Each structure stands twice: as structure tokens, then as C-alpha cells.
Student: 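Below is one structure. I have some questions about it.
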Amino acid sequence: MSSPTHTADNFIEEIIVEDLANGKHGGRIHTRFPPEPNGYLHIGHAKAIVINFETARKFGGRTNLRMDDTNPSTEETLFVENIQSDIRWLGYEWEGETRYASDYFEELYQLALKLIDKGLAYVDESTAAEIEAQKGDIGVPGKNSPFRDRSAEENRDLFTRMRAGEFPDGSRVLRAKIDMAHPNLLLRDPVLYRIKHEAHHRTGEDWCIYPLYDFAHGQSDSIEGITHSLCSLEFRHHRDLYNWLIEALEIFPSRQIEFARMNVDYFITSKRKLKMLIEEGLVTGWDDPRMSTIAGLRRKGYPAEAIRNFCMHTGVTRRDSQQTLDLLEFNVREVLNRDADRYMAVLDPVKLVITNYPEDQTEWLETENNPEDASHGTRQLPFGREIYVEREDYRKEPQNRKYYRLAPDKDVRLKSAYIIHCDGHEEDAEGKVTQINCTYYPDSRSGEDTSGVKAKGTLHWVSASAAVDLEVRMYQPLFTDPTPMDHEDRDFIEFLNPDSLTMITAKGEPALQGAAVGESFQFLRQGYFTVDPDSTPARPVFNLTVGLKSSFRG
RNA sequence: AGACCCAUGGUGUAAUUGGCAACACAACAGAUUUUGGUUCUGUCGUUCAAGGUUCGAGUCCUUGUGGGUCUACCA
């Protein structure tokens with residue numbers, strides 16, 4: 001193993017490169033991803049996951065997965081399982097077993113005792129309201145609690161009895177003894193432990209006191225020997241407390257580094273708001289393809305690789321960022337263009353009859369599965385006298401000379417089949433086209449075209465007799481505003497997009513019927529689609545992942 | 001009100017740590033194309049402002065301006 005000199009791609013890596021150069025922690029790099037198991041992971045978590053795992057990987061380090069489960073009221077094992085599978089789906093495997101902050105409850109308790117013995121923590125009998133009042137205000141110093149100067153012995157006794165369950169919820173807390181006039185409000189004697197007579201999803205009834213974030217997170221980092229504890233910017237103020245506790249407790253000095261969390265246009269990532277969307281029935285669940293959750297994006301057909309690339313391409317900074325959907329979709333198309341096989345499906349079908357083609361004849365035509373990759377091979381397509389084409393591909397009268405789709409007297413190529421000449425259409429009383437009539441050039445067959453006819457346009461089509469019905473769910477962003485949360489005067493719910501989901505029945509080529517759940521395809525000239533879990537062989541269901549780019553005007 | 005953080009093209013990130021501002025996305029134009037997709041080529045910028053240090057500042061200093069975070073027994 002050589003020790004390559006890595007170049008730093010962002011400010012976190014700069015710190016690491018410097019630490020490595022200084023031989024800090026013997027060159028060991030250890031990060032962690034610490035979700036609270038009270039909801040599903042979303043695109044913002046994906047960013048944090050990618051940063052933690054990729055940073056460690058780059059420097060030959062490791063990454064732990066730790067459930068930050070210090071609040072028994074909100075956490076569930078169900079979420080733990082989903083978090084694990086989402087991370088694995090994204091393509092990452094953590095070091096060893098999944099860790100839990102709750103595994104350290106006894107150790108944390110001992111650390112609290114140590115703090116008490118050092119005279120740096122005290123049991124406070126003030127009410128929550130009183131503690132809030134003592135806190136002071138921004139720019140206004142707080143006041144000491146009347147219980148602040150108890151002896152270490154008394155505090156130890158009280159804290160031990162808190163643990164033993166002698167006191168009711170809310171009657172007492174353990175507080176760090178720091179400085180009630182500190183400019184950082186978090187250091188004004190923060191609460192470290194609270195009493196909660198509640199069962200925990202892992203420790204059951206073992207505990208009735210639970211540590212708060214500030215007395216669990218950093219300590220868990222130290223216990224696990226985390227060298228670089230990467231978190232989002234809103235924890236900046238907690239770093240002062242994080243470091244104060246490291247010094248007071250004399251524990252392994254993990255270093256907290258904050259980066260800006262990522263926002264993406266048209267997505268919201270507030271767990272509470274996401275939960276509300278589900279409870280109100282505005283989406284179908286955590287994995288609704290319109291959700292910002294990993295589960296939702298997966299169901300929508302976003303490849304893990306695309307999400308990873310997106311997270312890496314957007315960089316790591318200390319500056320609030322609002323990413324465009326364009327960039328996310330670019331990354332999705334980039335992967336799918338390379339990997340997805342091309343199939344034909346007509347989303348808004350209209351019948352087209354090739355009047356000079358023999359009735360009852362079916363011809364099998366060869367077509368390539370993926371023009372980007374010949375190794376994907378070819379398949380056979382049934383072709384016949386009656387086919388479906390896209391209603392949008394026909395114009396009664398073309399509006400400009402750059403139009404090269406179907407219109408009376410126009411020639412177009414049917415993908416992998418023949419060139420046809422359009423003779424006209426039939427319509428109903430309202431003027432709606434009910435059938436398009438064409439003739440074909442028998443010597444223009446794809447691959448052996450000797451017709452000499454030039455057709456500028458190429459259309460996708462499906463044999464009418466062989467077509468299968470597909471339920472296709474067309475998605476648009478859930479909101480009509482890119483930042484629905486950023487309106488002080490309006491609730492984000494007002495920006496819900498009424499057209500975020502449209503169900504249509506499309507006509508697909510028969511091979512689509514056997515597609516497996518999760519498999520992605522390009523529906524030629526339309527976009528990328530993936531098979532939804534609701535799909536059955538009798539009723540295939542596809543989700544629109546993302547449309548193809550198009551420079552077509554008109 | 002105090003403390004802390006941030007400021008580069010329409011968007012997001014770079015700039016060998018003071019040395020002629022780069023990459024990607026988007027947009028626009030053109031070439032190729034049996035997907036109006038893909039691919040390829042081209043076009044679009046003096047770094048929030050004002051001072052200062054310096055031969056030289058996006059980078060350092062000062063003062064502003066604008067934005068963000070913080071007063072849960074949540075994480």
C-alpha cells in the first residue's frame with residue numbers, strides 16, 4: 001500500500017489532508033452517518049450519506065451507521081430497517097454492525113456521573129418554563145438557577161434517584177454548569193438528561209432518564225473513535241458544547257465539521273411536513289414517487305448511481321444552496337441513457353391504418369435494444385396493417401416547414417419498420433382525429449431500404465393487434481413553486497400541484513408485459529419509465545421517471 | 001439586540017493558497033442522427049460595495065450591504 005497524496009476537493013477534505021499530514025490519530029479516518037430513526041431518509045440525507053461515505057472511502061477510512069435513538073417517544077424499529085435498506089440501495093455498506101446511541105446509555109450515564117463529580121453538572125428542579133425564563137435572551141444574559149450550587153454529593157444522590165425512577169416526568173433535569181451569560185445560548189447551562197417514563201424501542205423499560213442530543217451525539221462519536229464528525233450547518237452552535245464536553249469529560253476528541261445541507265427545487269425535506277402529506281392523503285405514502293424520500297425516488301426510477309453522482313457534483317460548502325431539478329434530472333438521464341433499453345409505447349394512441357399493407361399479415365422486425373450499447377442485443381417487433389401512433393405526432397395542417405412528423409402528404413419513417421406516406425385522416429363530429437390513413441413503401445424496410453424515399457422524421461409505434469395496455473403514471477413536481485417553504489405569508493400546501501399525478505392507459509409493445517418491478521426502460525422519444533411495485537402481468541404499471549429532453553418547437 | 005457563518009456568470013461549484021477567473025448544468029446557434037434523444041462544435045462572465053496592504057487581490061485587512069443560524073426537558 002502506497003500512501004498517495006490526495007488532493008482536497010472541498011474544505012472538509014482540506015482539513016483531512018492536513019490532519020493526515022500531521023499524523024493526527026495515526027492517519028485514521030473514521031466518519032459516521034447518524035440518523036434519528038423517526039422517519040424515512042430523503043434526498044438531503046442522501047447528500048449527508050454520500051459525503052460521509054465517499055470522504056472516508058477516498059482516504060481509506062471507514063464509516064459507521066449509528067441510530068441516534070435517544071428519544072423513546074418518536075423512534076421505531078420499522079424506521080431503522082428502512083434506513084438500513086435505503087443506505088444499502090444507495091450503494092454503501094457501513095463498518096461492522098449498526099450502532100445505536102442507546103447501546104451507550106450506561107456509558108453515557110457514567111459520564112454524567114463523572115461530570116457531576118467534577119462539579120460541572122447539577123440536578124435542577126426548575127420547571128421547563130422556569131428554565132426557559134432563566135435562559136435570558138439573545139444579547140441578554142440569563143440568570144442562575146436556584147439549584148445551581150448544590151454539592152456534588154447531593155447532585156449525585158439526586159441523579160441516581162432520577163435514574164431509579166423516584167421522580168415523575170419533568171420534575172427534574174440534569175444540567176451542565178457552564179455560564180448563564182454565555183453569548184452562545186446553548187452554553188447557558190444546557191439540559192443534559194430528562195426524565196421520561198417511556199419504553200424505548202431497544203432498551204425497553206430499562207431506563208426512565210434519557211440523554212439529550214448534546215449529551216449523546218458527541219459522546220457516541222468519541223466512544224466509536226470517530227475522527228471527523230460531519231454534520232449540517234445548523235449544528236454550528238452545538239460545536240462549542242460538543243468541544244466543552246470533550247474537554248470536561250476527557251474523552252476521545254472527535255472533531256465536528258459542518259457543511260451546508262442541500263436543498264433541491266420542488267422538494268421539501270421537513271420530516272414533519274412529509275409525514276403530514278401522508279397523513280392528509282395528499283400522497284400515497286413514504287415511497288410515493290413524488291416524495292423527496294429515497295424510497296420515493298427509487299420507486300420513481302431514479303438510479304442510485306444518479307443520486308450519488310448528483311450529490312457529488314453539487315459539492316460540499318458552507319454556503320446555503322438551492323439545487324435545480326435540472327441538474328438532478330441531468331444525472332438521472334445520464335445513467336438511464338447508458339443503461340435503459342429502448343422500447344416503444346404510445347401514451348396517447350390514435351389508430352393508423354396502412355391501407356396497402358396486407359390484412360392479417362404480421363411481420364417480425366428486428367430492433368436494437370440500446371443504441372448506446374450493442375451488447376444489449378436486439379429483439380423482434382410485430383408489425384401489421386393497423387398500428388397506434390402518438391396523437392401528438394399528427395397534424396391536420398403542419399404549421400411550419402421544420403415540421404417533419406405526420407401530416408397529409410408527408411413521409412415519415414416508422415422506427416425499425418417502413419417509411420409511410422400520409423394520405424389523410426378521419427375525424428368525428430368534434431373534429432377529433434379518429435384514424436390516420438397511410439400507405440407504405442414496401443422496399444423501405446429498415447436496414448434494407450432501397451426506396452430512395454427520404455423521411456426526415458422517425459416515429460415510434462405499436463402494432464394494434466399485439467399491443468398491451470399499460471397503466472402509466474405521469475408525474476410532475478409535487479409543488480408548483482420551487483421553494484414552497486420560503487413564503488412567509490403562505491402555507492406550503494397552497495403550492496401543491498394538482499397535476500402532480502396523471503394516470504393514463506398507454507399501448508405498449510407486447511414485450512413490456514413481462515418487465516420486472518424496478519426495471520427501467522426508455523419509451524422511445526418519450527422518456528424513461530420504470531415498473532411500479534403495483535404492477536401485475538395482467539396490468540403492467542409504469543412510472544414516469546423523467547422525460548427526454550426535446551428541442552422540438554411546435 | 002448579541003454571537004457565529006456565508007457572499008464568484010441564469011444556477012451550482014473551482015481557481016496550484018496573492019500571479020493572465022475554470023468546470024458542470026441551463027439557455028442559444030450549428031453539425032451528426034432510423035429517438036426533434038445521445039454525441040460533437042461554438043456563443044454567453046473583470047468575483048456584493050467602498051477603502052486599504054502589495055509590483056500584483058476572487059484570495060489578506062477595515063468598514064459597510066445582503067443572506068443565513070441560534071433563546072425545544074427534539075435531533
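These numbers come from a predicted model, not from an experiment. Chain identifiers are assigned alphabetically (A, B, ...) following the order of the sequence lines, protein sequences preceding nucleic acid strands; residue numbering begins at 1 within each chain.
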Student: When you compare B:G66 with B:U41, how far apart are their C1' atoms, in angstrom units rounded to a whole number?
Tutor: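 Taking atom C1' in both B:G66 and B:U41, they lie 40 Å apart.
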Student: Aromatic rings A:Tyr403 and A:Phe552: how do their planes relate, parallel, tilted or perpendicular, breaks at 30° and 60°?
Tutor: tilted
Student: In terms of the angle between their ring planes, are A:Phe383 and A:Tyr418 parallel, tilted or perpendicular, with boundaries placed at 30° and 60°?
Tutor: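 Correct class here is tilted.
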Student: Would you mind classifying the nucleic acid contact of A:Ser551 as base, sugar-phosphate or nothing, using non-hydrogen atoms under 4.0 angstrom?
Tutor: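 Answer is sugar-phosphate: A:Ser551 comes under 4.0 Å of backbone atoms only.
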Student: Could you check whether A:Val140 gets within reach of a base, just the sugar-phosphate, or nothing at all, counting any heavy atom under 4.0 Å?
Tutor: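 Nothing, no nucleic acid heavy atom in range.
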Student: In whole Å, what separates the C1' atom of B:U59 from that of B:U43?
Tutor: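 It works out to 29 Å between them.
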Student: Of all the choices, B:G36, B:U71, B:A75, which nucleotide is nearest to the side chain of A:Lys135 once you look at every atom?
Tutor: B:U71
Student: Heavy atoms only, 4.0 Å cut-off, all strands: where does A:Glu14 land among base, sugar-phosphate and nothing?
Tutor: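 A:Glu14: base contact, heavy atoms under 4.0 Å.
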Student: Got a salt bridge between A:Glu234 and A:Arg261, using NZ or NE/NH1/NH2 to carboxylate O under 4.0 Å?
Tutor: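 The answer is yes: the pair qualifies as a salt bridge.
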Student: With sugar-phosphate meaning primed atoms plus P, OP1 and OP2, does A:Glu258 contact a base, only sugar-phosphate, or nothing at under 4.0 Å between heavy atoms?
Tutor: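 No contact.
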Student: Rounded to the nearest Å, what distance is computed from the CD atom of residue A:Glu234 to the C1' atom of nucleotide B:C70?
Tutor: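 Atom CD in A:Glu234 sits about 11 Å away from atom C1' in B:C70.
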Student: Side chain of A:Leu185 only, heavy atoms from C-beta on: which candidate in B:G2, B:C73, B:G37 is closest?
Tutor: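 In terms of side-chain proximity for A:Leu185, the closest of B:G2, B:C73, B:G37 is B:G2.
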Student: With syn defined as a glycosidic angle within 90° of 0 and anti as everything else, classify B:U17.
Tutor: syn
Student: Say you pick atom P in B:C40 and the same atom in B:C25; how far apart are they, in whole Å?
Tutor: 10 Å
Student: Describe the nucleic acid contact of A:Leu233 in one word from base, sugar-phosphate, nothing, applying a heavy-atom distance below 4.0 Å.
Tutor: nothing
Student: Ring-plane angle category for A:Tyr40 and A:Trp286, please: parallel below 30°, perpendicular beyond 60°, tilted otherwise.
Tutor: parallel
Student: With both distances under 3.5 Å as the test, what is the Watson-Crick or G-U wobble partner of B:A1?
Tutor: none
Student: For A:Tyr210, report the nucleic acid contact type (base, sugar-phosphate, nothing); a contact means any heavy atom under 4.0 Å.
Tutor: nothing
